[in-house]
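Hydrogens, waters and symmetry mates play no part in the numbers below; they use all other heavy atoms, side chains included.
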Amino acid sequence: MYNINLKELCLQTKRDILRMIHNAKSGHPGGSLGATEYLIALFHQVMSFKTKNLQIEEKEEDMFFLSNGHISAVLYSVLARKGYFAVQNLKRFRRINSRLQGHPSVYEKLPGIHVASGSLGQGMSVALGTAQSKKKNNGSIFLYSYHGDGELNEGQNWEAILYAGAKKIDNYIATIDYNFQQIDGNTDKVMHLGNIKMKFESFGWHVLEETKGNCLYSVINILQKAKKKAKKGKPICIILHTDMGNGVDFMNGSYKWHGKSPNDKELKKALHQLPETIGDYDK
């Protein structure tokens, strides 16, 4: 591994996301850009794992599950830049016979991917089952998961939220990407979510909230705070306010970039706002 400035890595990751999706002519740039700081904070400052044993699930290794698997571009970039697989593989994103499909797949045996995801609403159930198993086996690991706010429209989430609180699965930290956008528009207009914090708390969770979800150091701080609050009888929920399309002015806050590939002109304009730092993946 190499030593890098994490703010520079955020910029480079956002460049990766846009270039990958432009090259594939399909993908989900909005949520991927918004989740960049979270994933970099998690993989570089918060999670405990051994990258030298990528193909082996270590008993004492923290695990991460991406529930809203359509933002796979950001996860692939973070994994590649962390050393899970060659950075050059990013240019194969969404290509036929590539391991980097639109939604992460365990079938492709891609290091760092523990579960196939993309069918929204299912990720929390899988994460909870894993966390509960680790806890019963006296493991010291933390289980982390990431979910879109629009994903909370799916009823299975609420069964899982109820179960986690009732069973006191306290080695689990779920983060809700609260950007108020989903594929059909603003979440309040599509299906108003109400007071998420109060809902989770009423189901027996401890809830933390961070309004600066695209400030790297704020994200690191809230994740570290969550770890300190965990393992005390309650699952942890982080409500993380992010901007869809963060870093690109014409994408920022717009649901229209949920699942749209930038054209040549748009890519050039976007990359001008995100300077190359540690090197583009095909150089």
Side-chain angles (χ1 to χ4, degrees), residues 17 27-43 46-47 62-79 100-108 110 112-134 141-165 169 171-184 187 190-191 193 196 199-200 203 205 207-208 210 213 219 222-223 226 230 235-242 244 258-259:
I17 290 164
H28 297 77
S32 296
L33 292 170
T36 298
E37 286 78 11
Y38 168 84
L39 280 165
I40 288 175
L42 187 70
F43 276 85
V46 180
M47 278 206 307
D62 290 346
M63 299 175 69
F64 170 71
F65 289 173
L66 179 67
S67 185
N68 50 336
H70 56 272
I71 65 168
S72 59
V74 62
L75 178 59
Y76 293 151
S77 174
V78 170
L79 290 176
L100 306 187
Q101 289 301 306
H103 293 83
S105 171
V106 292
Y107 176 77
E108 304 296 344
L110 191 65
I113 305 298
H114 300 291
V115 62
S117 61
S119 297
L120 296 179
Q122 298 182 10
M124 189 175 293
S125 298
V126 178
L128 282 171
T130 305
Q132 189 173 38
S133 174
K134 295 290 187 181
I141 66 101
F142 286 93
L143 202 296
Y144 298 87
S145 65
Y146 196 75
H147 311 262
D149 50 1
E151 186 180 359
L152 295 181
N153 293 166
E154 303 285 352
Q156 184 172 333
N157 287 298
W158 298 100
E159 295 180 62
I161 294 165
L162 179 63
Y163 182 88
I169 304 176
N171 59 336
Y172 177 51
I173 301 172
T175 296
I176 307 300
D177 183 353
Y178 206 28
N179 61 22
F180 296 93
Q181 307 297 327
Q182 59 190 98
I183 191 169
D184 293 325
T187 52
V190 175
M191 187 177 292
L193 295 170
I196 296 177
K199 288 180 178 179
F200 271 87
F203 280 48
W205 290 58
V207 181
L208 302 172
E210 175 52 63
V219 178
I222 198 70
L223 282 165
I236 307 294
C237 172
I238 298 173
I239 300 174
L240 191 68
H241 294 250
T242 69
M244 177 169 279
H258 172 89

Yes or no on side chain to side chain donor-acceptor pair (under 3.5 Å) for Tyr172 and Ser145, after CA distance, side-chain angles and deciding distance?
CA-CA 8 Å; Tyr172 177 51; Ser145 65; 2.5 Å; yes
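- Separation of atoms CG (Leu152) and NE2 (His147) is listed at 8.5 Å; rounding is to 0.5 Å.
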Kindly determine whether Leu79 and Ile113 satisfy side chain to side chain contact (heavy atoms under 4.5 Å, CB included), including the steps that lead there.
CA-CA 9 Å; Leu79 290 176; Ile113 305 298; 3.9 Å; yes
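- Residues Pro104 and Leu75 come closest through the heavy atom pair CG-CD2, 4.4 Å.
- One distance of note links CG of Leu120 with CD of Glu154; it measures 6.0 Å at 0.5 Å rounding.
- What you find for Glu37 and Gly213 is that their closest heavy atoms are CB-O, 3.9 Å.
- Between Ile238 and Ala226 the shortest heavy-atom distance is CD1-CB, 3.8 Å.
- Within the 3.5 Å criterion, the main-chain N or O of Trp158 finds no donor-acceptor partner in the side chain of Lys199.
- To the nearest 0.5 Å, atoms OG1 (Thr130) and CE (Met63) are separated by 5.5 Å.
- Of all heavy-atom pairs between Ala160 and Ser125, the closest is CB-OG, 3.8 Å.
- Judged by distance alone, the side chain of Glu210 and the main-chain N or O of Leu240 form no donor-acceptor pair under 3.5 Å.
- Here the options are Asp149, Asn153, Thr187, the test is side-chain hydrogen bond (donor to acceptor under 3.5 Å, both in side chains), and the partner is Gln182; only Asn153 passes.
- Tyr38 places none of its side-chain heavy atoms less than 4.5 Å from the side chain of Val74.
- The heavy-atom pair separating Met124 from Ala174 by the smallest distance is CE-CB, 4.3 Å.
- Side-chain contact check for Met244 versus Phe180: every heavy-atom pair is 4.5 Å or farther apart.
- Within the 4.5 Å cutoff, side-chain heavy atoms of Val46 are placed close to those of Tyr144.
- The line from NE2 of His114 to CG of Leu143 is 8.5 Å long, rounded to the nearest 0.5 Å.
- Looking at Asn179, its side chain never comes within 3.5 Å of a backbone N or O of Thr242 through a donor-acceptor pair.
- Side chain of Thr36 to backbone of Leu33: a donor-acceptor contact under 3.5 angstrom is found.
- Side-chain N or O atoms of Asn157 include one that pairs as donor or acceptor with a backbone N or O of Glu151 at under 3.5 Å.
- Side-chain atoms of Ser72 come within 3.5 Å of backbone N or O of Gly102 as a donor-acceptor pair.
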Just do the side chain to side chain contact (heavy atoms under 4.5 Å, CB included) check on Ile239 and Phe200 with the steps written out, would you?
CA-CA 10 Å; Ile239 300 174; Phe200 271 87; 5.6 Å; no
Check step by step if side chain to side chain contact (heavy atoms under 4.5 Å, CB included) holds for Phe64 and Leu39.
CA-CA 10 Å; Phe64 170 71; Leu39 280 165; 3.6 Å; yes
Would Tyr146 and Leu42 count as a side chain to side chain contact (heavy atoms under 4.5 Å, CB included) if you check the C-alpha gap in whole Å, the side-chain angles of each, and the deciding distance to 0.1 Å?
CA-CA 11 Å; Tyr146 196 75; Leu42 187 70; over 6 Å; no
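- The only option from Ile173, Ile161, Thr175, Val207 that meets the side chain to side chain contact (heavy atoms under 4.5 Å, CB included) definition with Cys237 turns out to be Val207.
- Annotation for Leu128 and Ala164: closest pair CD2-CB, 3.4 Å, computed over non-hydrogen atoms.
- The backbone N or O of Ile17 lies less than 3.5 Å from no partner atom in the side chain of Ser77, so there is not a single donor-acceptor pair.
- Between the NE2 atom in His103 and the CD1 atom in Ile71 there is a gap of 10.5 Å [rounded to 0.5 Å].
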